[in-house]
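Shown next, in structure tokens, is the structure this report addresses.
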Amino acid sequence: MSGSEATPAEPGPGRHGLPELIAERRSKAERLRESDAGAFPYSFAATEPVAGILEAYDHLAAGEETEDAHRVAGRLAARRGAGGAAFLDLVDRTGKIQLHARLDVLGEEAFERLTSLDLGDLLGVDGAALRSRRGEISLRVDGFQVLAKALRPPPDKRHGLSDVETRYRRRELDLIANEDSRALFLDRAKVISAVRAYLDGEGFIEVETPVLQPLYGGALARPFTTHHNALGRDLYLRIATELYLKRMIVGGLERVYELGKDFRNEGISSKHNPEFTMVEFYEAYADYEDEAKRLEEMVALAARAVAYKGELDFSRPWRRVGFFEVLKEKTGIDVAAHRDDEQLRAAIVDSGLEMQTTGLTWFHIADELLSKFVEPGLREPTLVLDYPVELSPFAREHRSKPGLVERWEAFAGGMEIANAFSELVDPDVQRERFRAQQSLESLGDTEAQPFDEMFLQALEQGMPPSGGVGVGIDRLVMLLTGSDSIREVVLFPAMRD
RNA sequence: GCCGCCGUAGCUCAGCUGGUAGAGCAGCGGGCUUUUAACCCGAAGCGCGCAGGUUCGAGUCCUGCCGGCGGCACCA
């Protein structure tokens, strides 16, 4: 990382820079320990959120004071004024409130103790609400306790922390310094909460299936491999929850979902993190049209939860276009008329599109065309319907369009955010699909599906017609918070050592 | 993997066609009982991501490496 930082040095004379700043704070902590019996307590009960106080006293006129006692706790973010009166800004999770410290109220010793605190220290305060003459709602400090000492200086109170590398590697500093970042992760929590609320409300039950799997599956991706010592065998980190969740449908749970991390051993980009959060939900006796409605409702609910104020319109129904139709519309290439490797390749060469096609099958090329030339342009929420069967080993054949499956992918903001099918429930057809994947694998496709006999046996037990959906939570959060990188919405994104 | 840009005090940044590194904030000492980027005075702090090289002299030029960002390739 840039800005190599020395190991915290022992306090002492002759030190400069950061070690000196740390030494200064350390000795202050020592002095506090000796002079203030109440410093560093184990708890500080009965505090209230700052935002509530700001709201409750909005009616106060400038200069108006009360004797209403309030208790807050938070981090010291700024300090102004001195002499016999000082103003401190205290920040908690909900906001920032000004503290008015007065020599005549606190007495010399306490006033000195309070005003000699460092920015970044944690503080608990008892005080009375007022609006200052300059119009800011504040608390007059009547009593306080130092709750923790910050031995390291916080980021700049004015400019915050803007170095992206430091923001990601030391997310705590980002959260301390940047209100926007704090708000974003609160929004992320609201999105997740809305997703659960929607599914819970619709009768889905949340389940947990293995992260460590003897066989991975359910998506086209390369897995991470790990090792179990006692079992003496390698295991995979899951790339999807699909197959286990379908076994829950076979088991009769009827509506299930799992919200958690998947792991894919592939490139890192502004839209890809090697571990990412996905919710998958499956529903018996439903098809992909039913699931489209569910996604639309779920996303609308999440948008409302974060008071989405962007430009996209998430109201139902979203725009729907056919896979072949949208490809033809955006690239001019009629893939449906060229369902053949050589023919399609020739068509692309004729069209002059910049694309590498060697070694790719026609459906891989089609998929590539979609992600490269169509996906970035899909700003408004759009469902792309009915994919070639070769791209979708777990989706059920289309009821009226030969060679296609009943599948849609949802796009918004130029990104794929969800994927769904009428689930393939016929064990014999599924077995054939696995065999087709095996031959792809033997041709060198590292993302082909491994043959999963246990899954087939589950289908052979009888699986009801079902619809299933996977939604990328990180991307949904990006969309709803206007973030242009997945790293902004993941607390600790993958970084090099 | 390739290409481009970037990496200067704790934080945010400035450093021209190479001449020996600065500012604001934070911190330290002092002043100020209603400030809001508080203000005023004073003293201090970095040798410029790392390692080499060119040069009388290198944050400034060259090479390699590390890390970040963006694009391409690859992908989900």
Side-chain angles (χ1 to χ4, degrees), chain A residues 1-6 8 14-25 27-28 62-63 65 77-89 96 98-106 111 115-116 118-120 130-136 138 140 150-170 173 176-177 218-222 239-240 262-274 276 278 354-356 360 364 367-368 370-372 375 391 409 415-419 446-447 470 472 474-475 484-487 493 495-497:
Chain A
M1 117 182 228
S2 66
S4 60
E5 187 187 294
R15 297 281 185 184
H16 298 293
L18 182 57
E20 184 182 47
L21 296 177
I22 291 174
E24 186 67 44
R25 285 166 178 260
S27 67
K28 283 187 180 180
E65 305 197 4
R79 180 175 45 223
R80 297 172 291 281
F87 295 87
L88 312 171
D89 287 340
K96 177 176 79 178
Q98 176 169 268
L99 306 176
H100 185 194
R102 292 171 49 170
L103 179 57
D104 57 352
V105 172
L106 288 167
F111 184 81
T115 55
S116 64
D118 289 308
L119 299 192
L130 62 94
R131 192 187 281 277
S132 72
R133 285 177 213 165
R134 298 292 180 91
E136 181 156 354
S138 313
R140 180 194 70 212
L151 294 179
R152 288 173 179 271
D156 191 277
K157 67 179 179 183
R158 212 148 82 194
H159 304 96
L161 180 67
S162 59
D163 181 82
V164 295
E165 185 172 356
T166 309
R167 288 184 46 234
Y168 299 156
R169 289 187 192 274
R170 300 212 51 208
L173 292 182
I176 287 170
L220 303 175
R222 298 166 66 184
I239 59 172
D262 287 343
F263 308 84
R264 297 187 186 176
N265 204 341
E266 285 162 0
I268 296 175
S269 79
S270 60
K271 293 187 173 53
H272 303 262
N273 198 54
F276 62 101
M278 174 100 112
E354 292 270 328
M355 203 184 129
Q356 181 66 12
L360 294 181
H364 280 133
D367 194 34
E368 180 73 7
L370 185 76
S371 61
K372 191 167 178 181
E375 179 171 340
L391 284 171
E409 289 190 298
M415 289 184 293
E416 179 194 341
I417 59 166
N419 181 26
T446 52
E447 295 187 344
D474 310 285
R475 290 186 177 179
D484 53 13
S485 169
I486 197 170
R487 299 179 199 102
M495 304 284 270
R496 286 175 202 279
D497 283 333

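Every chain is numbered from 1, with letters handed out A, B, ... down the list of sequences. These values consider heavy atoms only, across backbone and side chains, with no hydrogens, waters or symmetry-generated copies.
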Which part of the nucleic acid does [X] contact within heavy-atom distance under 4.0 Å: base, sugar-phosphate only, or nothing?
{"X": "G160(A)", "value": "sugar-phosphate"}
{"X": "N273(A)", "value": "base"}
{"X": "E409(A)", "value": "nothing"}
{"X": "L220(A)", "value": "sugar-phosphate"}

Worksheet item: For the side chain of S132(A) and the base of rU36(B), is some donor closer than 3.5 Å to an acceptor across the two?
Response: yes

Worksheet item: Do E136(A) and rU34(B) share a donor-acceptor pair, side chain to base, under 3.5 Å?
Response: no

With 3.5 Å as the limit, what N/O pairs link the protein to nucleotides 71-73 of chain B?
unit_1  : atom_1 : unit_2  : atom_2 : d
rA73(B) : OP1    : K372(A) : NZ     : 2.8

Worksheet item: Taking for each residue the nucleotide of RNA chain B with the nearest heavy atom, is it S485(A) or S116(A) whose nucleotide lies nearer the 5' end?
Response: S116(A)

Worksheet item: For RNA chain B, whose closest nucleotide is more 5', that of L130(A) or that of A78(A)?
Response: L130(A)

Fill in: I486(A) to N273(A) - nearest heavy-atom pair and separation
CD1-N, 4.0 Å

Worksheet, complete the sentence: Looking only at heavy atoms, the pair that brings P154(A) and L119(A) closest together is CD-O, 3.3 Å

Pairwise side-chain contact, [X] with [Y], heavy-atom cut-off 4.5 Å (strictly under):
{"X": "D89(A)", "Y": "K157(A)", "result": "no"}
{"X": "R131(A)", "Y": "E136(A)", "result": "no"}
{"X": "D367(A)", "Y": "L391(A)", "result": "yes"}
{"X": "K271(A)", "Y": "S485(A)", "result": "no"}
{"X": "D156(A)", "Y": "L161(A)", "result": "no"}
{"X": "L21(A)", "Y": "R152(A)", "result": "no"}
{"X": "L173(A)", "Y": "R167(A)", "result": "no"}

Give the rounded distance in Å between these two atoms: [atom1] of [X] and [atom2] of [N].
{"X": "R133(A)", "N": "rU35(B)", "atom1": "CZ", "atom2": "C1'", "answer": "11 Å"}
{"X": "L99(A)", "N": "rU36(B)", "atom1": "CG", "atom2": "P", "answer": "17 Å"}
{"X": "H364(A)", "N": "rC74(B)", "atom1": "NE2", "atom2": "P", "answer": "13 Å"}
{"X": "R140(A)", "N": "rU33(B)", "atom1": "CZ", "atom2": "P", "answer": "19 Å"}
{"X": "D89(A)", "N": "rU36(B)", "atom1": "CG", "atom2": "P", "answer": "12 Å"}
{"X": "D163(A)", "N": "rC69(B)", "atom1": "CG", "atom2": "P", "answer": "10 Å"}
{"X": "E165(A)", "N": "rC69(B)", "atom1": "CD", "atom2": "P", "answer": "7 Å"}
{"X": "E20(A)", "N": "rA44(B)", "atom1": "CD", "atom2": "C1'", "answer": "7 Å"}

Integer angstrom distance from the [atom1] of [N] to that of [M]:
{"N": "rG49(B)", "M": "rG59(B)", "atom1": "C1'", "result": "12 Å"}
{"N": "rU54(B)", "M": "rA21(B)", "atom1": "P", "result": "23 Å"}
{"N": "rA14(B)", "M": "rG52(B)", "atom1": "C1'", "result": "28 Å"}
{"N": "rA9(B)", "M": "rC32(B)", "atom1": "C1'", "result": "29 Å"}
{"N": "rG7(B)", "M": "rG15(B)", "atom1": "C1'", "result": "15 Å"}
{"N": "rU55(B)", "M": "rU60(B)", "atom1": "C1'", "result": "13 Å"}
{"N": "rG1(B)", "M": "rG64(B)", "atom1": "P", "result": "15 Å"}
{"N": "rA58(B)", "M": "rC48(B)", "atom1": "P", "result": "11 Å"}

Worksheet item: Okay, side chain of R79(A), backbone of T115(A): is any donor-acceptor separation there less than 3.5 Å?
Response: yes

Any strand: nucleotide that pairs with [N] via Watson-Crick or wobble, under 3.5 Å:
{"N": "rU34(B)", "value": "none"}
{"N": "rG70(B)", "value": "rC3(B)"}
{"N": "rU17(B)", "value": "none"}
{"N": "rG52(B)", "value": "rC62(B)"}

Discussion item. Surrounding CG of N265(A) (heavy atoms of other residues, nucleotides or ligands, distance under 6.0 Å), is the total greater than 12?
Written reply: yes

Item to complete: Can you establish whether the number of heavy atoms outside K96(A) located under 6.0 Å from its atom NZ is more than 12?
Response: no

Short side-chain N/O contact to [N] OP1/OP2 from [X], under 4.0 Å:
{"X": "R496(A)", "N": "rC66(B)", "answer": "no"}
{"X": "R134(A)", "N": "rU35(B)", "answer": "yes"}
{"X": "R487(A)", "N": "rG68(B)", "answer": "no"}

To the side chain of [X], which of [options] is closest?
{"X": "L103(A)", "options": "rU33(B), rU34(B), rC69(B)", "result": "rU33(B)"}
{"X": "D104(A)", "options": "rU33(B), rC75(B), rG68(B)", "result": "rU33(B)"}
{"X": "E24(A)", "options": "rU34(B), rA38(B), rG27(B)", "result": "rG27(B)"}
{"X": "L18(A)", "options": "rG10(B), rU34(B), rU12(B)", "result": "rG10(B)"}

Under 3.5 Å, N/O pairs linking protein and nucleotides 24-26 of chain B:
unit_1  : atom_1 : unit_2  : atom_2 : d
rG24(B) : O2'    : R158(A) : NH2    : 2.7
rG24(B) : N2     : D156(A) : OD2    : 3.1
rC25(B) : O2     : D156(A) : OD2    : 3.1
rA26(B) : OP1    : K157(A) : NZ     : 2.8

Discussion item. Checking one value: the base orientation of rG59(B), syn if chi is within 90 degrees of 0, otherwise anti.
Written reply: syn

Worksheet item: Can you name the residues that form a side chain to side chain contact (heavy atoms under 4.5 Å, CB included) with L103(A), not counting sequence neighbours?
Response: E108(A), F111(A)

